[in-house]
**Q** 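Below you'll find the structure I mean.
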2 protein chains.
Amino acid sequence: MRFTTRTEYGLICLIYMAHQKDGHPITTKEIVSGEGFSLTFTEKILQKLRLAKIVESLQGNHGGYVLARSPSKINLREIVEALEGHTFDVFCEPKTRNDIVCNHFHLCGLKPIWRKTKDLLDGFFEDITLEQIASKNDMNLEKSAQVAKKALL
Amino acid sequence: MRFTTRTEYGLICLIYMAHQKDGHPITTKEIVSGEGFSLTFTEKILQKLRLAKIVESLQGNHGGYVLARSPSKINLREIVEALEGHTFDVFCEPKTRNDIVCNHFHLCGLKPIWRKTKDLLDGFFEDITLEQIASKNDMNLEKSAQVAKKALL
DNA sequence: ACCAAACCAGACTACTATAGTCCAGTTTGA
DNA sequence: TCAAACTGGACTATAGTAGTCTGGTTTGGT
């Protein structure tokens, strides 16, 4: 199980924005030239982040992208959900897996496990802010995990 | 992020085995006719479980598959690792992502987050046994999550 | 007014992994 | 010796990822 490169690239773009001084916009080109990403692909990722209201765009000459909020108010869960659709897909749930619905609701204990897996990840990611990600040091992930854990009880 | 159908099918196969009386082997055909799975695909999954020493096969007439150990001694982590390769792939780690190595080790805080995500999932899955999965009721997943959490500290 | 720099958007394509199929074995109990 | 089962490898179809390509629209500066 892994996240796609969309999430990886998107996070790096967001780190670039978090590092900008006084809300100055950064252009797709600047990020791309620093990272060697594809320009058009990166644009698509930034559009997803814009539609999710995580970043805002400034069109026209001297335009670019800025964070829609302070990095401390943006958490990893919403970033992942914007770029992946969900943190963890609880399959064998009605409607998912194109109508191939699990017929074991009363037979096996799989679904509650996937449900809890999603809760665990949601809680963990929710407590990690872009500020922490961008600052790198001393992230105290243990505390985040603790919070994620407690939320399950 | 989701697990593949391999894991879903594989788990259901294991639940069938756990439900067998007195170590009587179950055949691929029996599982397939009960679930509507593809025969040859299910065989492949059972081979993976055999190579991982989670199940044992009995060849020849009246053969089939049995659990290699008691369901209480088989945990979800090893099942997932047998069928998916890993619970969560820590990318941006040297060697992964076919030699496209992340060049931000000193710039961003992404890797430790993915590392902790893997630890969190590993711990959570490790504490869930096939016995619990097959018995369905009263799984006390909260306790498993608690243990997973503690292991991070 | 115009131009260039940037974002915007949709259709298209290449590649890879998943989810299978097919077939030719080998093993074993009756 | 036969049939029921597992074994194993090569093959295929489909879907999703990771892009490309093209033609826009918006805006600041001159």
Side-chain angles (χ1 to χ4, degrees), chain A residues 1-10 12-13 16-17 20 24-33 35-52 54-66 68 80 83-86 89 91 96-100, chain B residues 1-13 16-17 20 24-33 35-66 68 80 83-86 89 91 96-100:
Chain A
M1 202 164 56
R2 67 159 35 175
F3 288 128
T4 63
T5 57
R6 265 204 311 280
T7 296
E8 201 174 352
Y9 287 13
I12 291 170
C13 290
Y16 269 80
M17 289 177 220
Q20 289 289 101
H24 194 72
I26 191 166
T27 65
T28 315
K29 258 188 189 164
E30 285 176 286
I31 297 169
V32 160
S33 70
E35 296 299 318
F37 295 168
S38 142
L39 179 76
T40 47
F41 187 46
T42 306
E43 276 173 341
K44 298 234 163 304
I45 292 166
L46 290 167
Q47 288 310 308
K48 272 182 182 281
L49 292 172
R50 181 177 63 84
L51 293 171
I54 293 168
V55 305
E56 279 170 6
S57 67
L58 297 150
Q59 285 202 357
N61 199 355
H62 296 101
Y65 293 92
V66 290
V80 169
L83 298 170
E84 299 279 323
H86 42 67
D89 189 8
F91 46 82
T96 42
R97 200 164 277 285
N98 1 325
D99 301 321
I100 298 170
Chain B
M1 202 165 57
R2 67 160 34 175
F3 288 130
T4 63
T5 58
R6 265 204 312 279
T7 296
E8 201 174 352
Y9 288 11
L11 276 164
I12 291 170
C13 290
Y16 268 80
M17 289 176 220
Q20 287 290 100
H24 194 73
I26 191 165
T27 65
T28 315
K29 259 188 188 164
E30 285 176 285
I31 297 169
V32 160
S33 69
E35 297 299 319
F37 295 167
S38 142
L39 179 75
T40 46
F41 187 46
T42 306
E43 278 173 340
K44 297 238 163 303
I45 292 166
L46 291 167
Q47 288 309 307
K48 272 181 182 283
L49 291 171
R50 182 176 64 83
L51 293 171
K53 299 191 190 306
I54 292 168
V55 306
E56 280 171 6
S57 67
L58 296 150
Q59 285 201 358
N61 199 356
H62 295 101
Y65 292 93
V66 289
V80 169
L83 297 169
E84 299 280 323
H86 43 66
D89 189 8
F91 46 81
T96 41
R97 200 164 277 282
N98 358 326
D99 301 321
I100 298 170

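Chain letters run A, B, ... following the sequence lines, proteins first and then strands; every chain starts at 1. Atom set for the values below is all heavy atoms of this structure, side chains included, hydrogens, waters and symmetry mates excluded.
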**Q** Holding to side-chain contact (heavy atoms from CB on, under 4.5 Å), I want the full list of residues that pass it with A:E43, two or more places apart in sequence or in another chain.
**A**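 For A:E43, the residues satisfying side-chain contact (heavy atoms from CB on, under 4.5 Å) (neighbours in sequence not counted) are A:T28, A:L39, A:T40.
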
**Q** Going by the rule side-chain hydrogen bond (donor to acceptor under 3.5 Å, both in side chains), which residues pair with A:T27 if we only count those two or more places apart in sequence or in a different chain?
**A**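 Expected list: A:E30.
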
**Q** Looking at DNA chain D, which of residues 49-59 of chain B put a heavy atom within less than 4.0 Å of it?
**A**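 Contacts with DNA chain D under 4.0 Å: B:R50, B:S57, B:L58, B:Q59.
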
**Q** Is the B:F37 ring parallel, tilted or perpendicular to the B:Y9 ring (thresholds 30°, 60°)?
**A**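 Geometry flag for B:Y9 against B:F37: parallel rings.
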
**Q** Please table the atom pairs, donor to acceptor, closer than 3.5 Å between any side-chain atom in residues 45-52 of chain B and protein atoms at least two apart or in another chain.
**A**
from	atom 1	to	atom 2	distance (Å)
B:Q47	OE1	B:R50	NE	3.0
B:Q47	OE1	B:R50	NH2	2.7
B:Q47	NE2	B:Y65	OH	2.9

**Q** Quickly work out the B:R2 CZ to D:dG16 P distance and round it to whole Å.
**A**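 For the pair B:R2 CZ and D:dG16 P, the rounded distance is 9 Å.
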
**Q** Taking 4.0 Å as the cut-off, does a side-chain nitrogen or oxygen of B:Y9 come that near to OP1 or OP2 on C:dA19?
**A**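 Looking at the OP1 and OP2 atoms of C:dA19, neither is under 4.0 Å from any side-chain N or O of B:Y9.
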
**Q** With nearest nucleotides of DNA chain D determined for A:E43 and B:Y65 from heavy-atom distances, which residue corresponds to the more 5′ nucleotide?
**A** B:Y65

**Q** Just the rounded figure in Å: distance from C1' of D:dG9 to CD of B:Q47.
**A** 12 Å

**Q** Send over the distance from B:L83 CG to C:dA19 P, rounded to a whole Å.
**A**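 The distance from CG of B:L83 to P of C:dA19 comes to 11 Å, rounded to the nearest Å.
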
**Q** Among D:dG9, D:dA3, C:dC22, which is the nearest nucleotide to the side chain of B:T40?
**A** C:dC22

**Q** Take atom CZ of B:R6 and atom C1' of C:dT21, then tell me their distance rounded to the nearest Å.
**A**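 For the pair B:R6 CZ and C:dT21 C1', the rounded distance is 16 Å.
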
**Q** Have a look at A:T27 and say if it touches a base, only the backbone sugar-phosphate, or nothing, with a 4.0 Å heavy-atom cut-off.
**A**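 Sugar-phosphate, backbone atoms only, no base.
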
**Q** Identify the heavy atoms of B:L83 and B:G10 that sit nearest to each other, and give their distance.
**A** CD1-CA, 3.9 Å

**Q** Just how far, in rounded Å, is P of C:dC8 from CG of A:L46?
**A**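 These atoms are roughly 9 Å apart.
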
**Q** Remember a base hit wins even if backbone is also touched, and classify B:S38 as base, sugar-phosphate or nothing at under 4.0 Å, heavy atoms.
**A** sugar-phosphate

**Q** To the nearest Å, how far apart are A:E84 CD and D:dT17 C1'?
**A** 10 Å

**Q** Assuming nearest nucleotide by heavy-atom distance, tell me which of A:H62 and A:L39 is located more 5' along DNA chain D.
**A** A:L39

**Q** Please tabulate, for side-chain N and O atoms in residues 54-63 of chain B, each donor-acceptor pair with protein atoms closer than 3.5 Å (sequence neighbours left out).
**A**
none

**Q** What residues, two or more places apart in sequence or in another chain, satisfy side-chain hydrogen bond (donor to acceptor under 3.5 Å, both in side chains) together with A:T42?
**A**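 If we apply the side-chain hydrogen bond (donor to acceptor under 3.5 Å, both in side chains) test to A:T42, skipping adjacent residues, there are no hits.
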
**Q** Figure out the CD/P separation between B:E30 and D:dA5, and round it to whole Å.
**A**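 Spelled out: CD on B:E30 to P on D:dA5 is 8 Å.
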
**Q** Within this structure, what is the CZ-to-C1' distance between A:F41 and D:dT22, rounded to whole angstrom?
**A**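 Result: 19 Å.
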
**Q** Taking the minimum atom-to-atom distance to the side chain of A:K44, which one of D:dT27, C:dA6, C:dG10 wins?
**A** C:dG10

